[in-house]
2 protein chains.
Amino acid sequence: MDRQPAELDHFRALLQGYMDKKGLRSTDQRKLIVETFFHADNHVSIEELLAQVRAHDPRVGYATVYRTLKLLAECGVANERRFGDGLTRYELADDATHHDHLICVECHSITEFEEPRIEELQEKVARKYGFELRSHKHELYGVCSSCQKKRRTGN
Amino acid sequence: MDRQPAELDHFRALLQGYMDKKGLRSTDQRKLIVETFFHADNHVSIEELLAQVRAHDPRVGYATVYRTLKLLAECGVANERRFGDGLTRYELADDATHHDHLICVECHSITEFEEPRIEELQEKVARKYGFELRSHKHELYGVCSSCQKKRRTGN
DNA sequence: CTCATTGCAAATAATTTGCATGTAA
DNA sequence: TTACATGCAAATTATTTGCAATGAG
């Protein structure tokens, strides 16, 4: 996935600020994992990310990837997401505020959608309940058009 | 939670139809678990449900509860939900289509909301992508008004 | 130097499964 | 009587943690 460098710099700064504040250290593994995450497809699982990381350095352990992604989630750079397949997936925090997901219950494909009017209504709901909105998940589950097609032609 | 008997009868029939079709049997445990689920609070976890079931029959195993709830999800009577606390929770399928959730990230309280205009837009999105909509999750995460209050008064 | 970080393996936690026994139809 | 269902314990899966060794600041 190609991202704008400026967008990534924002997240690099956010992470750096958090690490400085907490006295955390910048190691080779951490840098590698973070940059790999920044350039990976959206909704990567730990497993997928680990594979990509190991392509550069086979000695990285999976616990380190778990720990690093947890760090990214903590400091607001990444969001954890769970779409019914039992795996935790991660996406850049910024992306999350601008799109939601259609998830196929048959082939597990994930399609993103944007609907500003839903976001507006969402904010209205939050206001009505005196709720300070931080983030949201909006997932539509169903059968994607290509699986419907497969079904009609007898799989 | 008090429900309308008619609403529950609909689900009993749905389950029965599914069981007949598949040649599944109606056992005491299954009946007990299903009825306990029907009368439990919304968003019960397996653990909570098992405790309530065991109040009536202490010999029920947890595997049976897992299997039964999976059956309910399969036949469209219940929906599985995961709200970031690591537990799978279940709710009556019908309820799920009519409300969504505000989740407090501080006290973990869950508030339900309804917004038909969001549902309409959701269907519109699904149609646009040729998606056959089955269910959805819409969760707003943030700080509830009572936690905001606590925060202002210094916890 | 000091203390955070790493990699490994072992520990957890939630859920699933194998199997002998029980039981609905 | 025939398989489906149950309860238990063991297996699986994803994730977390303890710890000795490593390395950043």
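A, B, ... follow the sequence lines: proteins, then strands. Residue 1 opens every chain.
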Phosphate contact (D:dT15 OP1 or OP2) by A:Tyr66 side-chain N/O below 4.0 Å: yes
Take atom CG of A:Asp28 and atom C1' of D:dT22, then tell me their distance rounded to the nearest Å. 12 Å
Carboxylate-amine/guanidinium contact B:Glu91 B:Arg89, below 4.0 Å: no
May I ask you to decide whether B:Lys137 forms a salt bridge with B:Glu139, counting only side-chain N to carboxylate O separations under 4.0 Å? no
Checking contacts here: which listed nucleotide (C:dT6, D:dT6, C:dA24) is nearest the side-chain heavy atoms of A:Arg30? C:dT6
Find the distance B:Arg81:CZ to C:dA14:P and express it as a whole number of Å. 20 Å
How long is the line joining CD of B:Gln29 and P of D:dT6, in whole Å? 5 Å
At 4.0 Å (heavy atoms only), tell me whether A:Arg67 reaches a base, stays on the sugar-phosphate, or touches nothing. base
For B:Leu87 and C:dT12, what is the distance between atoms CG and P respectively, to the nearest whole Å? 18 Å
Rounded to the nearest angstrom, tell me the gap between atom CG in B:Asp20 and atom C1' in D:dC4. 14 Å
Selection from C:dA25, C:dG7, C:dA4 that lies nearest to any side-chain heavy atom of A:Arg25: C:dA4
Between P on D:dA5 and CG on B:Leu24, what's the gap in Å once rounded to a whole number? 5 Å
Given D:dA24, D:dT17, D:dA9, the nucleotide with the shortest approach to the side chain of B:Tyr62: D:dA9
On DNA chain D, does the nearest nucleotide to B:Gly23 precede the nearest nucleotide to A:Thr88 from the 5' side, or the other way round? Give the residue. B:Gly23
Rounded to the Å, how far apart are B:Tyr90 OH and C:dA14 P? 14 Å
Checking B:Arg67 now: which residues fulfil salt bridge (Lys or Arg N to Asp or Glu O under 4.0 Å) with it, not counting sequence neighbours? none
Of A:Gly61 and B:Ala63, the one whose nearest nucleotide on DNA chain C sits closer to the 5' end is A:Gly61
Should side-chain heavy atoms under 4.5 Å link Ile, Leu, Val, Met, Phe, Trp and Tyr, which residues sit in the same cluster as B:Leu87? none
Rounded to the nearest Å, what distance is computed from the NZ atom of residue A:Lys22 to the C1' atom of nucleotide D:dA24? 19 Å
Both A:Thr27 and B:Ile46 contact DNA chain C. Taking the nearest nucleotide for each, which residue is further toward the 5' end? A:Thr27
For A:Glu74, is the CD atom crowded, meaning more than 12 foreign heavy atoms sit under 6.0 Å from it? yes
